[in-house]
Amino acid sequence: MIIAIDGPAASGKGTIARRLAEAFGLPHLDTGLLYRATARAVLDGGGDINDLAAAVSAARGLGLMDFDETKLRGKDMGEAASIVASMPAVRAVLVDAQRSFAGRQSGAVLDGRDIGTVICPRADAKIFVVADAEVRAQRRSLELRKRGEAADYDAVLADIRRRDERDLGRSTAPLKLAADAVVLDTTKLDIEGAVSAAVALVMAKTPAAPLNRQAGQG
Ligand code: DC
């Protein structure tokens, strides 16, 4: 079974994807990390984030599983990732690794922006997670503060709006609702509410899927 989770920054898609993976006993790939790691490699190499050749070479050099998330989760890296993610040649380099992860015999859960539309158009269940920008900015501010980063709400909201614009507006693989995806609005839901709703959506699509109820509810 392949589960595709897409949605804008801080919509809750990462948490939902991780919890679905636990609930259904599937491996999980947060594809945003690929773009974040690409951006990080460009900057660590002293390159300019808008340099296409540097970004393509950084994407080619990535290993799929060796991400140090603590270095990739910061606000600056989100912004830098959305810049390299708007380069079609960078996306082309990263497609194969994502598809081969999804093609594992066990099945998989992937989350990102183009999973249901480009990476796994035949996924068994597709969820498009949305939430109001203001609520997403509150969540992201909280998350950044927990990491010890300064997080001014207005700046975080502006950052989220800028990234939305870039992710929705780019010509290659923009953030877009797949025709067969179900929208899950988490604006008024807490984590447990959002996870339960997502589990129910997957079960509705694939009633035979083996559910580990404890993980799904934990
Ligand atoms: O999900 P995230 O915030 O970690 O993603 C970081 C950036 O990477 C995001 O602004 C857009 C880009 N991205 C993408 O274009 N396609 C994906 N499948 C995943 C992320």
Side-chain angles (χ1 to χ4, degrees), residues 4-20 28-40 42-43 48-50 55 67-87 90-91 110-118 126-178 181-198 201:
I5 311 288
D6 288 302
S11 56
K13 67 181 185 318
T15 305
I16 289 172
R18 203 174 53 247
R19 291 280 300 274
L20 283 176
H28 166 223
L29 179 63
D30 170 352
T31 63
L33 286 178
L34 297 169
Y35 295 93
R36 287 172 181 262
T38 300
R40 180 91 224 185
V42 171
L43 296 172
D48 178 338
I49 199 64
N50 294 294
F67 302 125
D68 178 355
E69 288 198 33
T70 51
K71 284 185 168 175
L72 300 177
R73 289 277 172 216
K75 188 158 50 104
D76 296 351
M77 220 39 67
E79 171 75 9
S82 86
I83 294 174
V84 296
S86 69
M87 301 171 176
V90 168
R91 304 196 72 86
L110 287 83
D111 75 272
R113 302 292 188 290
D114 61 343
I115 308 304
T117 50
V118 174
K126 299 181 184 179
I127 303 178
F128 195 82
V129 186
V130 298
D132 291 352
E134 290 76 10
V135 170
R136 289 188 282 134
Q138 272 164 11
R139 290 179 188 159
R140 185 45 59 87
S141 305
L142 214 74
E143 187 187 312
L144 290 167
R145 283 193 202 112
K146 273 193 199 152
R147 288 170 36 89
E149 275 192 58
D152 169 59
Y153 170 81
D154 289 333
V156 172
L157 180 58
D159 175 63
I160 278 183
R161 291 213 159 110
R162 196 165 51 243
R163 279 177 59 192
D164 280 357
E165 216 175 286
R166 205 180 276 129
D167 295 344
L168 288 159
R170 66 177 176 235
S171 55
T172 304
L175 173 63
K176 197 170 86 181
L177 180 68
V182 183
V183 175
L184 173 56
D185 188 340
T186 67
T187 303
K188 295 189 175 141
L189 298 176
D190 62 11
I191 290 174
E192 297 311 319
V195 170
S196 305
L201 289 175

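Note that the coordinates shown come from a computational prediction; the quantities given were computed from them, not determined experimentally.
Here the closest heavy-atom approach between residue Tyr153 and residue Ala137 is recorded as CE1-CB, 3.6 Å. Between Leu43 and Ala80, the shortest heavy-atom distance links the atoms CD1-CB, 4.2 Å. For the pair Ala194 and Leu184, the tightest heavy-atom approach, listed with the atom from each and the gap, is O-CD2, 3.8 Å. Taking each heavy atom of Ala178 and Gly116 in turn, the nearest pair found is CB-O, 3.9 Å. Of all non-hydrogen atoms in Ile127 and Ala198, the two that sit nearest each other are CD1-O, 3.8 Å. Closest heavy-atom contact between Ala55 and Thr38: O-CG2, 3.5 Å.
In terms of modelled atom types and a separation under 3.5 Å, the side chain of Arg136 and the main chain of Ala9 share a donor-acceptor contact. No donor-acceptor distance shorter than 3.5 angstrom exists from the side chain of Arg91 to the backbone of Ser86, with no hydrogens or angles considered.
The existence of a salt bridge linking Arg170 and Asp114 is excluded, since no basic side-chain nitrogen approaches an acidic carboxylate oxygen closer than 4.0 Å. Between Arg140 and Glu149, none of the side-chain N atoms (NZ, or NE/NH1/NH2) sits under 4.0 Å from a carboxylate O, so this pair counts as no salt bridge. Remark: Asp164 does not engage Arg161 in a salt bridge, criterion side-chain N to carboxylate O under 4.0 Å.
Between the CZ atom of Arg145 and the CG atom of Asp152 there is a distance of 8.0 Å, given to the nearest 0.5 Å. How far CZ of Arg40 is from CE of Met77: 4.0 Å, rounded to the nearest 0.5 Å. Once rounded to the nearest 0.5 Å, the distance linking CD1 of Ile83 with CZ of Arg163 reads 10.5 Å. The CG atom of Leu72 sits 7.5 Å away from atom OG1 of Thr70, with the distance rounded to the nearest 0.5 Å. Rounding to the nearest 0.5 Å places CZ of Arg36 at 10.5 Å from OG1 of Thr31.
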I'd like to know whether Arg139 forms a side chain to side chain donor-acceptor pair (under 3.5 Å) with Thr186, so could you lay out the CA-CA distance, the side-chain angles of the two residues, the decisive distance to 0.1 Å, and finally the verdict. CA-CA 11 Å; Arg139 290 179 188 159; Thr186 67; 3.1 Å; yes
Could you walk me through whether His28 and Asp111 satisfy the side chain to side chain contact (heavy atoms under 4.5 Å, CB included) test, starting with their C-alpha distance in whole Å, then the side-chain angles of each, then the deciding distance to 0.1 Å, before giving a yes or no? CA-CA 8 Å; His28 166 223; Asp111 75 272; 2.6 Å; yes
Could you walk me through whether Arg166 and Ser82 pass the side chain to side chain donor-acceptor pair (under 3.5 Å) check? CA-CA 7 Å; Arg166 205 180 276 129; Ser82 86; 2.5 Å; yes
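For the pair Arg113/Val118, no side-chain contact is recorded, criterion being any heavy-atom separation below 4.5 Å from C-beta on. Annotation: side chain of Ile5 is not in contact with side chain of Ile115 (no heavy-atom distance under 4.5 Å). For the pair Arg73 and Leu144, the minimum side-chain heavy-atom distance is 4.5 Å or more. For the pair Pro8/Leu175, a side-chain contact is recorded, criterion being any heavy-atom separation below 4.5 Å from C-beta on.
Residues forming a side chain to side chain donor-acceptor pair (under 3.5 Å) with Ser11 (at least two apart in sequence, or on another chain): none. Here Asp185 pairs with Thr187 under the side chain to side chain donor-acceptor pair (under 3.5 Å) rule; sequence neighbours left out.
Remark: Glu134 CD is packed, more than 12 non-hydrogen atoms of other residues, nucleotides or ligands lying under 6.0 Å away. Counting non-hydrogen atoms of neighbouring residues, nucleotides and ligands closer than 6.0 angstrom, the CD1 atom of Ile191 reaches no more than 12 such neighbours.
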